[in-house]
There are 2 protein chains.
Amino acid sequence: MREVLARVGDKWSILIVMNLSDGPLRFSELQRTIDGISQRMLTLTLRGLERDGFVSRTVYPTNPPKVEYALTPLGDSLRCPVNALGDWVQKNLAAIEESRRAFDGEKVAAAE
Amino acid sequence: MREVLARVGDKWSILIVMNLSDGPLRFSELQRTIDGISQRMLTLTLRGLERDGFVSRTVYPTNPPKVEYALTPLGDSLRCPVNALGDWVQKNLAAIEESRRAFDGEKVAAAE
DNA sequence: CAGCATCCCAACCGATACTG
DNA sequence: CAGTATCGGTTGGGATGCTG
């Protein structure tokens, strides 16, 4: 359970799932789309998602090689609760940031 | 946005919010309930949740000291999307674990 | 009881270089 | 193009000891 939450809660995992929701993408397309992810992390995260059955990996034995990643039905079903969480964050982001400012402000005041 | 997801997606944060959903708890009660969390991580995570406005911290100046942690309305509203995610994991846990076994099995087979 | 400070090891992750 | 391998800095987090 914790392991699964670790996968799901992972920053890159979520971004990859989001980006695949519109259709399959190639390795390099993902890397270009996600912005900030290193090749290493993309590989590692994709392997993890594949292992958990969230994405499928299809190799086209052409030259140059071409590999497509797509959401499985399981991965697709994950989008729903994840989107709910994303929506919640967007709705409450302002409140959270204000709370942070207030909290940090107190600390400064207390330090003086 | 990523920072918030980091908070929310954090393993301990979720567990704490879950455990507080039935009512306020003291520091030591949380530590006993959560099982596996170190004092350090409990303190740190609670501070983070407090900073983000998800939990409130109430000190009773008794002897011995008593500190109660409770969900704020904001923290309480977070339970809804988080529970949705938790339910999803529970529902699909079997499928995920089987996928893992299959994946790991392939690797072993390929190595031989 | 609640919690801060310190030390210290392990895991993570980015950068780089190399292969089929 | 789509990776694997390796190195090194950074961070996470446990263990311990000390305070109000």
Side-chain angles (χ1 to χ4, degrees), chain A residues 2-16 19-20 23-52 55-70 103-104 106-108 110-111, chain B residues 2-16 19-20 23-52 55-70 103-104 106-108 110-111:
Chain A
R2 280 189 189 170
E3 295 171 48
V4 177
L5 279 181
R7 266 258 72 67
V8 170
D10 179 56
K11 161 177 146 191
W12 297 127
S13 295
I14 292 193
L15 289 176
I16 289 178
N19 276 283
L20 287 180
L25 288 176
R26 305 178 52 171
F27 187 90
S28 52
E29 289 173 329
L30 277 171
Q31 191 166 17
R32 245 170 290 124
T33 310
I34 293 196
D35 183 71
I37 195 169
S38 65
Q39 191 184 39
R40 174 194 160 82
M41 285 319 292
L42 183 55
T43 304
L44 255 50
T45 310
L46 282 172
R47 287 293 170 279
L49 291 171
E50 191 191 352
R51 184 169 104 100
D52 287 352
V55 307
S56 64
R57 177 171 177 273
T58 312
V59 181
Y60 298 92
T62 57
N63 198 321
K66 176 178 170 182
V67 179
E68 268 193 354
Y69 292 91
F103 189 87
D104 296 347
E106 282 172 31
K107 283 194 66 170
V108 172
Chain B
R2 279 189 191 173
E3 295 172 47
V4 177
L5 278 182
R7 267 257 73 67
V8 171
D10 180 56
K11 161 176 146 190
W12 298 126
S13 296
I14 291 194
L15 289 176
I16 289 178
N19 276 282
L20 287 180
L25 287 176
R26 305 178 52 171
F27 187 88
S28 51
E29 289 173 329
L30 276 172
Q31 191 165 16
R32 245 170 292 124
T33 309
I34 293 195
D35 182 72
I37 194 168
S38 66
Q39 188 186 42
R40 175 194 160 84
M41 285 321 291
L42 182 54
T43 304
L44 254 50
T45 311
L46 282 171
R47 287 293 167 278
L49 291 171
E50 192 190 352
R51 185 170 104 100
D52 287 352
V55 307
S56 64
R57 179 170 175 274
T58 313
V59 181
Y60 298 91
T62 57
N63 198 321
K66 176 178 168 182
V67 180
E68 267 193 355
Y69 292 91
F103 189 88
D104 295 348
E106 282 173 29
K107 282 193 67 171
V108 172

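Chain naming here is simple, since letters A, B, ... match the order of the sequence lines and numbering starts at 1 in each. What you see below is based on every heavy atom in this structure, not just the backbone, and it leaves out hydrogens, waters and symmetry mates.
Note that CD1 of A/I34 is 4.5 Å distant from CD1 of A/I16, once rounded to the nearest 0.5 Å. B/N19 CG to B/I14 CD1: the interatomic distance, rounded to the nearest 0.5 Å, is 12.0 Å. Atom CG of residue A/L42 and atom CG of residue A/L46 lie 4.5 Å apart, to the nearest 0.5 angstrom.
Taking atom CE of B/M41 as the reference point, atom C1' of C/dA11 lies 14 Å away to the nearest angstrom. Atom CZ in B/R26 sits about 10 Å away from atom P in C/dG3, given to the nearest Å. In this structure, B/E68 atom CD and C/dG3 atom P are separated by 12 Å, rounded to whole Å. C/dG14 atom C1' lies 14 Å from atom CG of A/L42, rounded to whole Å. With rounding to whole Å, B/E29 atom CD is found 11 Å from C/dC1 atom C1'. Rounding to whole angstrom units, CD of residue B/Q31 and P of C/dA2 are separated by 9 Å. Rounded to a whole Å, the CG atom of B/L30 is 12 Å from the C1' atom of C/dA2.
When DNA chain D is scanned in the 5' to 3' direction for atoms under 4.0 Å from non-hydrogen atoms of chain B, the outermost contacting nucleotides are D/dG13 to D/dG20.
Looking only at side-chain heavy atoms (C-beta outward), B/T33 and B/L15 stay at 4.5 Å or farther from each other. Contact of the B/E29 side chain with the B/Y69 side chain is not registered, since no non-hydrogen atoms from C-beta on lie closer than 4.5 Å. Within the 4.5 Å cutoff, side-chain heavy atoms of A/T43 are placed close to those of A/F27. When side chains are defined from C-beta on, B/T45 counts as touching B/R7, because their heavy atoms get closer than 4.5 Å. You'll find the side chain of B/V59 stays beyond 4.5 Å of the side chain of B/P65, heavy atoms only.
Note on B/Y69: a side-chain N or O is less than 4.0 Å away from OP1 or OP2 of C/dG3.
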Review point. Given the rule in the salt bridge (charged side-chain N to carboxylate O under 4.0 Å, His left out) test, do B/E50 and B/R47 qualify, once you have shown the distances and angles that lead to the verdict?
Key: CA-CA 5 Å; B/E50 192 190 352; B/R47 287 293 167 278; 3.8 Å; yes

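A/Y60 comes within 4.0 angstrom of nothing in the nucleic acid, heavy atoms only.
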All N/O contacts under 3.5 Å from nucleotides 15-18 of chain C to the protein, with atom names and distances to one decimal?
none

